[in-house]
Amino acid sequence: MMRIDIISGVPALLDGPLNHSIVGRAKEKELVEIFVHDLRDYSEDKHKKIDDYPYGGGAGMVLSPQPIFSCIEKLKSERSYDEVIFTSPDGNRFEQTDANALSLKKNLIILCGHYKGVDQRVRDELVTLEYSIGDYVLSGGELPAMVMTDAIVRLIPGAIGDAESALSDSFQNELLEGPIYTRPVEFKGMSVPEVLRSGDHKKVKKWREEQSIKQTKERRPDLYKKFKKNN
Ligand code: SAH
């Protein structure tokens, strides 16, 4: 079973999303275990402080190295980890290919920053991968940790009922997924394209491929260029 340990100064932020839908079911099916660790539990400070002022001055607080080192060293003493991931706006952009690769790993640690971030020595000494989920700044790494966990866990075989479905999603083949429809055939005067109702699987497949390419060309010329190069 895969194991993900998420380390956070605000663990309450991680409460909901990991217990429902696909990730929640993957936990129930024992495809993945997810543990959340509260940095305060590892603080040796008598007031359980986990942050401090930045050297050199300036606004904002910095997560101290001691609780993070204690937590990660304890986890590492219990099992070996494939990666220690830090969420950071200056990290590599987290993409589908990263989710694919990480879904094949056994044990992962995800460290959430907060306030101004973490003491650099944590990144130099413990962290093996740094990821950003986009060019904007969030208050903490908890939402990015959940974004990455969701993207990774849904790829574990068995997490999604229909195994085909994860592979047909956008980005898996450098293309966006085209439009999808469900019942009813007619809704407020708008109807479902004829071809999808034809029952002709070959025609449906061809239509979907065409739509997928059209959608990508229109919406994501950058992706389309990559797709053209590789196909
Ligand atoms: N001072 C930092 C921003 C800190 S934001 C800087 O300018 O780069 C506080 C924490 O939120 C970060 O340490 C990181 O863990 C998380 N975070 C914020 N935005 C993020 C993003 N786009 N991707 C991943 N993590 C992010």
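Sequential numbering from 1 along the given sequence is applied to the chain's residues. Computed from a predicted structure; not experimentally measured. Every number for a ligand or one of its atoms is a count from 1 in the order of the listing.
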Under 3.5 Å, is there a donor on one side chain and an acceptor on the other for [X] and [Y]?
| X | Y | value |
| --- | --- | --- |
| Glu174 | Asn230 | yes |
| Asn100 | Gln172 | yes |
| Ser43 | Asp45 | no |
| Ser77 | Glu73 | no |
| Thr128 | Glu83 | yes |

*Transitive ILVMFWY side-chain link Leu129 to Leu155, under 4.5 Å*: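 Not linked; separate clusters.
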_First-shell residues of ligand 1 [heavy atom, distance under 4.0 Å]_ =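 Heavy-atom contacts below 4.0 Å: Phe86, Thr87, Ser88, Pro89, Gly113, His114, Tyr115, Lys116, Gly117, Tyr131, Ser132, Ile133, Gly134, Tyr136, Val137, Leu138, Ser139, Gly140, Gly141, Pro144.
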